[in-house]
Amino acid sequence: MAGLGTANDDHGSDIKFVKVIDILSGKVSGRVAVRGWVYRHRSTGAVQFIVIRDSTGAIQTTLKKGEVTDEKFALAEKLHIESSVVVVGDVREDKRAPGGYEIAVRDLKPIHIGEPFPITKDMSEDYLLDVRHLWVRSREQNAVMKVKASVLKAAREWFNMNDFYEVTPPIITPSACEGGATVFAIDYFGNEAYLSQSAQMYLEALIFSLERVWSLTPSFRAEKSRTPRHIVEFWHLEAEEAWVGNGENMKIQEELLSHICQRVVEWNEKELAFLGRDVKSLRSIEPPFPRIKYDEAIEFLQSKGFSIEWGDDFGAREEKALTIEESMPLFIINYPKEIKAFYMKENPEDPRTYLCSDLLAPEGYGEIIGASERETDPNKLIERLKREGANLENYEWYIDLRRYGSVPHSGFGMGIERVVRWLCKLQHVRDAVPFPRTPSRYYP
RNA sequence: GCCGUCGUAGCUCAGCUGGUGGAGCACUCGGCUGUUAACCGAGCGGUCGCCGGUUCGAAUCCGGCCGACGGCGCCA
């Protein structure tokens with residue numbers, strides 16, 4: 001509780017500020033000071049109930065006529081929802097209070113009496129996106145942001161424990177990193193540059209110095225995708241590993257993701273409960289994850305009545321069917337070349353396919369990681385780029401990486417918001433971002 | 001890009017085959033000594049998305065446009 005400061009009560013002595021969660025968990029008692037925002041305000045005339053929230057939770061406070069001055073009582077009646085206040089009072093266990101504890105207020109100081117808060121009870125998804133700068137205060141957004149922070153913290157923790165260096169690839173790039181996907185162009189002192197869609201190629205360059213690297217960067221896709229799993233700007237966690245083949249690459253992914261799940265369970269039990277995610281299902285996420293070949297996935301889908309043939313890519317329906325009954329994430333390996341990117345390594349056992357994997361989240365949430373061993377033969381890369389009609393000049397430096405001590409290597413990219421969506425059981429990835437960017441929105 | 005749904009008070013919505021625009025919440029005022037998104041009474045609140053057409057008369061019928069949302073495709 002260091003650094004929370006103190007507030008003068010009406011007797012002139014200094015009272016320590018405490019966090020709401022420490023009251024609700026029974027850690028503190030007696031006279032306390034709390035600062036936060038008005039979450040609910042009810043009154044029966046002679047008793048006012050003001051629920052105050054801070055970043056840790058919400059607690060009911062009670063004001064009774066005669067226990068505070070008439071001026072303070074009248075002032076409290078004017079507090080709109082989301083007004084900021086400091087209260088001083090006595091912690092009391094009371095079954096009538098939500099959460100089991102309340103504060104009997106002795107003194108109350110408004111810091112700012114807010115204007116009427118625009119968000120009330122019936123709110124459309126549309127409207128909440130318009131007032132996102134205020135909706136981020138909601139319990140739901142608060143819980144999701146806490147889980148997301150844990151995901152990032154746990155990922156960094158795992159990489160640090162496993163000999164990876166965190167690196168900082170550029171966001172402004174001279175060309176698209178992946179063929180086909182649409183890029184945002186920006187004016188770069190009179191030339192055209194692009195916002196990064198993936199750090200992968202830069203990470204590939206860095207393994208020759210650091211061997212195992214990872215990065216967390218925003219990635220941008222200028223596609224007018226209208227689905228619950230797409231946003232224009234998303235946080236991309238990517239890793240690249242020298243001397244690692246496709247199999248070990250998958251081991252790294254499943255260990256990383258399992259660590260993230262275990263930590264989120266450990267750190268965010270309250271938030272997960274609020275979001276409706278049962279902790280058991282996440283606690284059981286442990287290596288190894290089941291893995292099936294693309295061919296087997298096709299056969300499975302055909303047996304389920306899908307009209308899909310070898311060579312077709314999986315759509316949302318197919319991904320859902322493959323994982324809706326699963327409780328573990330599922331690897332699908334060795335996709336046909338036609339539906340994957342040019343930089344993947346050919347599968348020596350079946351040259352029609354690549355040494356690659358997609359990791360699908362369980363319960364139908366779909367792809368959260370795309371991964372592969374990378375092609376090391378410069379001629380094969382040139383040949384594939386030519387076939388795609390790419391401008392080879394843009395890829396010269398990338399081909400160069402295969403000319404000076406090339407080594408086998410693999411890597412992957414994880415969509416952070418997709419992981420958070422799955423962990424928090426969200427309808428849409430945009431709810432895993434405080435200020436989502438979609439084709440139709442970039443405000444606020 | 002394709003398919004679908006919807007635009008009425010600050011918010012959520014009702015408004016029938018065309019005839020003087022409504023409710024709940026929020027807000028203001030009043031009442032209530034234990035409320036749980038408190039409750040009760042009153043008040044305030046409108047360019048019915050925009051443009052045009054039909055009609056004595058359009059929120060309502062017709063046409064066009066704009067915007068948002070939902071689903072598919074593309075992908076992390």
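From a predicted model like this one, the values you see are computed outputs, not experimental measurements. Chain naming here is simple, since letters A, B, ... match the order of the sequence lines and numbering starts at 1 in each.
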With a 6.0 Å cut-off on ring centres, are Trp310(A) and Tyr294(A) close enough?
yes
Taking CG from Leu79(A) and P from A26(B), how many angstroms apart are they, rounded to a whole number?
16 Å
G41(B) - base-pair partner by Watson-Crick or wobble geometry, distances under 3.5 Å:
C29(B)
Euclidean distance for C1', G71(B) against C56(B) (whole angstrom):
46 Å
Identify whether any heavy atom of Ser225(A) sits under 4.0 Å from a base atom; if not, whether one sits that close to sugar-phosphate; answer base, sugar-phosphate or nothing.
base
Return the nearest nucleotide to the side chain of His428(A); candidates are G70(B), G34(B), A76(B).
G70(B)
Taking A26(B) as the reference, what is the distance to C65(B) when you measure between their C1' atoms (whole Å, please)?
34 Å
Looking at U35(B), does its base get a donor-acceptor pair with the side chain of Gln48(A) below 3.5 Å?
no
What about Trp135(A) and Phe435(A), are their ring centers closer than 6.0 Å?
no
Given G70(B), G10(B), C75(B), identify the nucleotide with an atom nearest to the side chain of Thr120(A).
G10(B)
So for Arg229(A) and C74(B), does any side-chain atom that can act as donor or acceptor lie under 3.5 Å from a complementary atom in the base?
no
Does NZ or CZ of Lys340(A) lie under 6.0 Å from the centre of the six-membered ring of Tyr335(A), at an angle within 45° of the ring axis?
yes
Aromatic contact between Phe159(A) and Trp214(A), with the criterion being ring centroids under 6.0 Å apart: yes or no?
yes
From C69(B), A76(B), C74(B), pick the nucleotide closest to the side chain of His230(A)?
C74(B)
How far, in whole Å, is U47(B) from G21(B) if one measures between their C1' atoms?
13 Å
Side chain of Arg226(A): nearest nucleotide among G70(B), G34(B), U35(B)?
G70(B)
Measuring to OP1 and OP2 of G34(B), would you say a side-chain N or O of Thr44(A) lies under 4.0 angstrom away?
no
Could you measure between the two C1' atoms, the one in G18(B) and the one in G10(B), and give it in whole Å?
30 Å
Given U28(B), G34(B), G24(B), which nucleotide is nearest the side-chain atoms of His80(A)?
U28(B)
Run Ile369(A) and Asp358(A) through side chain to side chain contact (heavy atoms under 4.5 Å, CB included) and show every step you take.
CA-CA 6 Å; Ile369(A) 294 180; Asp358(A) 277 1; over 6 Å; no
If G7(B) has a Watson-Crick or G-U wobble mate with both distances under 3.5 Å, name it; if not, just say none.
C66(B)
Counting only Watson-Crick or G-U wobble pairs whose two distances fall under 3.5 Å, which nucleotide matches G22(B)?
C13(B)
Provide the distance between the two C1' atoms, one in G45(B) and one in C66(B), to the nearest whole Å.
27 Å
For G7(B) versus C62(B), give the span between their P atoms, rounded off to a whole number of Å.
14 Å
Integer angstrom distance from the P of U8(B) to that of G53(B)
24 Å
Centroid distance below 5.5 Å plus an interplanar angle below 30 degrees: do Phe49(A) and G34(B) meet both conditions?
no
So, for Phe342(A) and Tyr395(A), is the gap between ring centers shorter than 6.0 Å?
yes
Determine the interatomic distance between C1' on G22(B) and the same-named atom on A9(B); round to the nearest Å.
10 Å
From CD1 of Ile119(A) over to P of U12(B), roughly how many Å is that when rounded to an integer?
11 Å
